[in-house]
Amino acid sequence: MIEDDYKVSLDVFEGPLDLLLYLIKKDEVDIYDIPIGRITDQYMEYLQLMKVLDLNIAGDFIVMSATLMLIKSRMLLPVEERRDESEEEDEDPRWDLVRQLVEYKKFKDAADHLEELEMHMENIFGRESEYVELGDAPDVDLRDASIFDLISALNDALGRVQEEDLQEIFAEEYTVSQKVTYIIENLKIAKRLNITDLFAGMHSRMEVVCTFLAVLELIKLNRIAAVQEGHFGQIMVEPRNPELPVEIEFEEPAQVIQELF
Amino acid sequence: MSESTIDVLPELKQIVGAMLFAAKEPLSIKRIRKAMIETGSGFGGPYEQYAKVTESQIEGALELFQEDLLKAKVGLDVALVGGAYRLQNDAVCGPFVRALLEKNQTVRLSKPALETLAIVAYRQPCLRSEIEEVRGVSVDAILRKLMDMQLVRVVRRSELPGRPWLFGTTQRFLQHFGINSIDDLPGSQELKRASTQNEKKVATATFPEMEKELEIQ
Amino acid sequence: MSESTIDVLPELKQIVGAMLFAAKEPLSIKRIRKAMIETGSGFGGPYEQYAKVTESQIEGALELFQEDLLKAKVGLDVALVGGAYRLQNDAVCGPFVRALLEKNQTVRLSKPALETLAIVAYRQPCLRSEIEEVRGVSVDAILRKLMDMQLVRVVRRSELPGRPWLFGTTQRFLQHFGINSIDDLPGSQELKRASTQNEKKVATATFPEMEKELEIQ
């Protein structure tokens with residue numbers, strides 16, 4: 001079983017709306033005509049992975065899954081019956097959600113604009129000789145891949161792993177700390193690694209998951225950054241503070257492994 | 001390299017340039033005028049003319065200064081940031097300046113932080129619950145961090161039950177992003193809304209811990 | 001105010017201007033070249049040309065920069081101070097800058113301090129006893145103050161019995177007075193003397209307290 005104090009607890013500041021927009025963008029579907037069944041299934045799949053990985057997901061994600069299920073079921077009803085249930089005329093059950101997503105999308109665009117301004121200002125120095133620095137507080141880099149991008153990469157890697165003989169899997173021993181060392185050592189040589197390459201040649205799901213958790217742990221410790229150039233681009237792993245020694249104690253996530261099978 | 005000679009009276013354009021250069025922070029027209037008046041009345045004689053300078057004359061001098069600076073292509077520029085003028089390096093020279101100052105890695109804001117900041121910027125003064133309604137996720141930790149970074153501040157308490165805090169952006173926010181005023185942000189009319197309308201609409205969320213901390217300060 | 005565009009490569013003149021502006025201290029040509037090379041090799045691509053920049057090219061760019069700056073009359077000037085270049089405000093605008101910075105009372109050195117400093121400057125490296133010989137009065141306190149102000153420093157111990165300290169001026173001294181090098185001081189050839197000749201001549205004075213303090217540092 002997973003130990004209570006083992007938490008990757010990479011603060012997931014992204015919420016359910018981010019996940020939905022992520023899926024909408026990934027599938028290139030029309031935000032005003034969301035294929036609710038397909039998106040709901042994908043949403044649940046990601047949510048399941050996040051739960052299994054024991055990320056600090058908020059209740060908001062659960063609430064949204066209920067909302068999605070409700071919309072999905074109401075979409076199945078003929079229009080007349082829908083009207084009976086709610087007093088409103090003919091309203092598409094998706095409408096409230098769409099409105100919320102569109103509204104949020106506007107602010108995401110506004111945030112993109114701020115991001116551009118921030119990058120521009122990095123090259124500007126005033127007489128105070130300081131670009132208004134935000135202090136040393138280690139923050140997640142702007143180019144950082146979102147947690148959904150990472151999970152998507154994990155999903156792909158798991159998909160690539162051959163269905164194996166279960167006996168064989170459990171015979172092998174993989175640990176997160178082992179993979180932490182593996183990543184650090186590899187980054188000393190390569191400086192920059194494609195996350196897909198990190199999973200390359202792995203034959204068991206356990207190994208993939210341990211590697212993935214090691215990536216999350218290192219991100220959380222601000223030792224590495226997962227950066228992505230452009231939406232849905234390749235995710236690269238880079239070292240952040242190479243001079244710091246690694247001293248991480250792990251409780252191995254046995255439960256995670258079990259749940260994935 | 002020139003000799004110390006005060007036999008030629010400087011033009012307004014030169015003076016604003018020298019002031020912007022020597023100042024450690026952006027200068028407002030008022031502040032420039034104040035220094036000119038002080039010098040003018042302090043020195044007297046031919047300097048007295050500077051004591052009569054108007055704000056629009058200074059504005060004109062600043063425009064001329066920027067024009068001539070850009071024409072000369074000397075790697076410098078003037079920007080209006082948060083209502084004040086700032087002398088700064090030309091953005092194209094940024095990479096060289098960074099190398100000189102050994103600024104390799106800059107702390108950049110994460111996407112969620114930028115989004116939260118955008119909501120605060122457009123909707124200010126706004127409640128934490130309003131931000132959470134838009135983002136669909138708790139913003140407690142991010143808001144706290146943005147306040148630590150002095151990009152967001154508490155504007156005042158709202159009149160809603162529980163008197164929750166209303167948040168807004170700071171002068172530092174404007175400086176960090178090089179913005180003169182919130183109205184300069186694109187789509188500000190669309191994304192803004194009458195605050196009264198929403199203050200009523202939005203459910204009151206208590207924010208006890210943070211409020212307690214704030215009161216101590 | 002422009003968009004983030006690094007699509008136009010800056011001229012050397014602009015780059016040296018931006019660097020002098022952003023630097024906190026005067027810049028040597030070597031230092032400017034180092035930052036250019038770093039940027040050039042770091043960015044690669046079209047930037048690589050900057051990695052090949054020579055010192056004389058930079059010197060040329062600095063001359064051009066100063067020329068264009070003075071032509072534009074923007075209240076700024078370049079000075080060569082202690083072998084390094086510094087961007088500074090135009091001297092004629094000084095009174096206005098002082099008013100702005102509220103530096104109405106500039107710290108001026110007293111006559112005795114200036115005299116002591118002059119002796120150190122022309123005769124360096126020199127012993128306290130040499131200064132006292134010229135001034136005919138103890139300079140212990142003044143010397144101490146000048147060292148506090150970082151205008152005077154200990155160069156090394158002399159070879160004389162008791163190994164007393166030898167004093168000299170600092171980089172800050174050059175900056176404070178806007179001098180490029182000691183040789184630029186008027187009559188420096190006349191006032192200087194072969195230090196060997198004098199080291200023997202001058203009586204050794206102990207300077208116990210000060211020396212003790214210095215050793216602690």
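So that the names make sense, note that chain A is the first sequence line, chain B the second, and so on, each numbered from 1.
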Could you pull out every donor-acceptor pair under 3.5 Å between side chains of residues 38-46 of chain C and any protein atom, sequence neighbours left out?
| residue | atom | partner | partner atom | Å |
| --- | --- | --- | --- | --- |
| C:E38 | OE2 | C:K34 | NZ | 3.4 |
| C:T39 | OG1 | C:A35 | O | 2.6 |
| C:S41 | OG | C:I37 | O | 2.8 |

Legend entry - Under 4.5 Å from a heavy atom of chain B, the part of C:L27 involved: side chain
Inset, instruction - Answer with yes or no after comparing the ring centroid distance for B:F65 and B:Y85 against a 6.0 Å cut-off, counting only values under it. - result: no
Legend entry - Proximity breakdown for B:L76 and chain C, heavy-atom pairs closer than 4.5 Å: side chain
Legend entry - Residues B:K111, B:E115; criterion salt bridge (Lys or Arg N to Asp or Glu O under 4.0 Å); working and verdict: CA-CA 6 Å; B:K111 284 268 184 200; B:E115 283 163 25; over 6 Å; no
Legend entry - Qualifying residues under salt bridge (Lys or Arg N to Asp or Glu O under 4.0 Å), relative to B:R31, sequence neighbours excluded: B:E25
Legend entry - chain B contacts, top residue of C:N89, C:D68, C:V74, C:V81 (heavy-atom pairs, under 4.5 Å): C:V74
